[in-house]
Amino acid sequence: MTAEEAVGAYTKIFGGFPYFLFMGASEEVIVEAVEEALRTGEEIQAEEEADY
């Protein structure tokens, strides 16, 4: 699965994709995060200790 396909699948299920959490991320990181979210049924969340 490509990152574009992963984002499409995520958007279809959850209604949108948190692009801001993946700025500068590799395609592999995006695909892995989306696959986990789809497998668990939980949306991708920012880490609690994130410093924006």
Side-chain angles (χ1 to χ4, degrees):
M1 175 182 312
T2 66
E4 186 174 321
E5 292 168 335
V7 169
Y10 185 93
T11 301
K12 187 175 183 180
I13 300 296
F14 297 109
F17 184 75
Y19 287 101
F20 66 95
L21 295 177
F22 293 93
M23 292 175 57
S26 70
E27 184 167 320
E28 182 179 308
V29 168
I30 294 169
V31 170
E32 287 177 6
V34 169
E35 286 177 343
E36 181 177 348
L38 295 176
R39 186 173 48 256
T40 63
E42 296 181 21
E43 292 186 59
I44 297 170
Q45 301 289 322
E47 296 177 20
E48 287 188 32
E49 298 294 323
D51 183 19
Y52 298 102

Of all heavy-atom pairs linking Ala6 and Val34, the shortest is O-CG1, 3.3 Å
Which heavy atom in Phe14 sits nearest to a heavy atom in Glu43, and how many Å separate them? CD2-CG, 3.1 Å
Hydrophobic clusters here meaning ILVMFWY residues chained together by side-chain heavy-atom distances under 4.5 Å, can you tell me if Met1 and Ile44 are in one? no
Residues at least two apart in sequence or cross-chain that pass ring-ring contact (aromatic ring centres under 6.0 Å, His included) with Phe17, listed by chain then number, are Tyr10, Tyr19, Phe22
Considering all heavy atoms of both residues, which atom of Ala46 and which atom of Leu21 are nearest to each other, and what is their separation? CB-CD2, 3.6 Å
By side-chain contact (heavy atoms from CB on, under 4.5 Å) - contacts of Glu4 (at least two apart): Thr2
